[in-house]
Amino acid sequence: MVIVPATTGQMGVLPGHVPTIAELKPGILSVHEGNDVTKYFLSSGFALIHANSVADIIAVEAVPVDRLDPALVQKGLADFTQKLGSATTDLEKAEAQIGVDVHSAMNSAITG
């Protein structure tokens, strides 16, 4: 089973899943194989679930959760929060908000 962070909520994918296209938000993708679970942080992307039970994950960035550096995540969150507070244009605000959203999701992935 695979659990993906869809924009509509967490979506579990098992064999025989209905064909679907889902937009992904920043969060954890979990791959369950027997008793083993491997977790990846995804910044965004799409999940394509095919009729033959194959799932393609197209991610802008994907990193094993255990490779995320908590200190760097905290620094990034602080930096983007500061940028959001001082942004003056719509573009600066949007870029800073994306940074805050992604780093907040990474922080949640690390802390569980």
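Numbers for residues simply follow the sequence, beginning at 1.
- Judged by distance alone, with hydrogens and angles left aside, the side-chain atoms of His103 form a donor-acceptor pair with the main-chain N or O of Gly99 at under 3.5 Å.
- A 6.0 Å sphere centred on CG of Asp90 holds no more than 12 heavy atoms belonging to other residues, nucleotides or ligands.
- Only one option out of Asp66, Val102, Ile110 pairs with Phe41 in a side-chain contact (heavy atoms from CB on, under 4.5 Å); it is Val102.
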Intermediate values then yes/no, side chain to side chain contact (heavy atoms under 4.5 Å, CB included), Asp36 and Thr38: CA-CA 7 Å; Asp36 296 328; Thr38 307; 5.5 Å; no

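- The shortest non-hydrogen separation linking Val4 to Val2 is CG1-CG1, 3.8 Å.
- Residues Pro70 and Leu68 share a closest heavy-atom pair of CD-O, 3.3 Å.
- Linking ILVMFWY side-chain heavy atoms closer than 4.5 Å, directly or via other members, places Val60 and Ile98 in two distinct hydrophobic clusters.
- Contact record, Leu24 with Thr7: C-CG2, 4.1 Å, taken as the closest heavy-atom pair.
- Distance check: Met11 CE to Thr20 OG1 gives 5.5 Å after rounding to the nearest 0.5 Å.
- In this structure, Glu23 CD and Ser44 OG are separated by 8.0 Å, a value rounded to the nearest 0.5 Å.
- A distance-only check finds a donor-acceptor pair linking the side chain of Ser53 to the backbone of Gly16 [under 3.5 Å].
- When the side chains of ILVMFWY residues are joined at heavy-atom separations under 4.5 Å, either directly or via intervening members, Phe46 and Tyr40 end up in two distinct hydrophobic clusters.
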Intermediate values then yes/no, side chain to side chain contact (heavy atoms under 4.5 Å, CB included), Leu84 and Gln97: CA-CA 6 Å; Leu84 184 59; Gln97 186 63 58; 3.3 Å; yes

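- Taking every heavy atom of both residues into account, Asn107 and Val73 meet most closely at N-CG1, 3.7 Å.
- More than 12 heavy atoms of other residues, nucleotides or ligands lie within 6.0 Å of CG in Leu14, so this atom counts as buried by the packing criterion.
- The distance from atom NE2 of His50 to atom CD1 of Ile21, rounded to the nearest 0.5 Å, is 8.5 Å.
- One N or O on the side chain of Glu92 and one on the backbone of Thr89 form a donor-acceptor pair closer than 3.5 Å.
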Full working for side chain to side chain contact (heavy atoms under 4.5 Å, CB included) between Ile49 and Val18: CA-CA 7 Å; Ile49 316 305; Val18 63; over 6 Å; no

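- Comment: Asp79 does not engage Lys83 in a salt bridge, judged by the lack of any side-chain N to carboxylate O separation of less than 4.0 angstrom.
- With values rounded to the nearest 0.5 angstrom, Asp69 atom CG is found 10.5 Å from Gln74 atom CD.
- Looking at heavy atoms from C-beta onward, Val37 lies out of side-chain contact with Val31 at the 4.5 angstrom threshold.
- Note that CE of Met106 and CD1 of Ile28 are 12.0 Å apart. Values are rounded to the nearest 0.5 Å.
- Pro5 places a side-chain heavy atom less than 4.5 Å from the side chain of Gln10.
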Side chain to side chain contact (heavy atoms under 4.5 Å, CB included) between Val13 and Ile3, worked out: CA-CA 6 Å; Val13 180; Ile3 300 174; over 6 Å; no

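- Listed for the Ser43 side chain is a donor-acceptor partner under 3.5 Å among the backbone atoms of Glu61.
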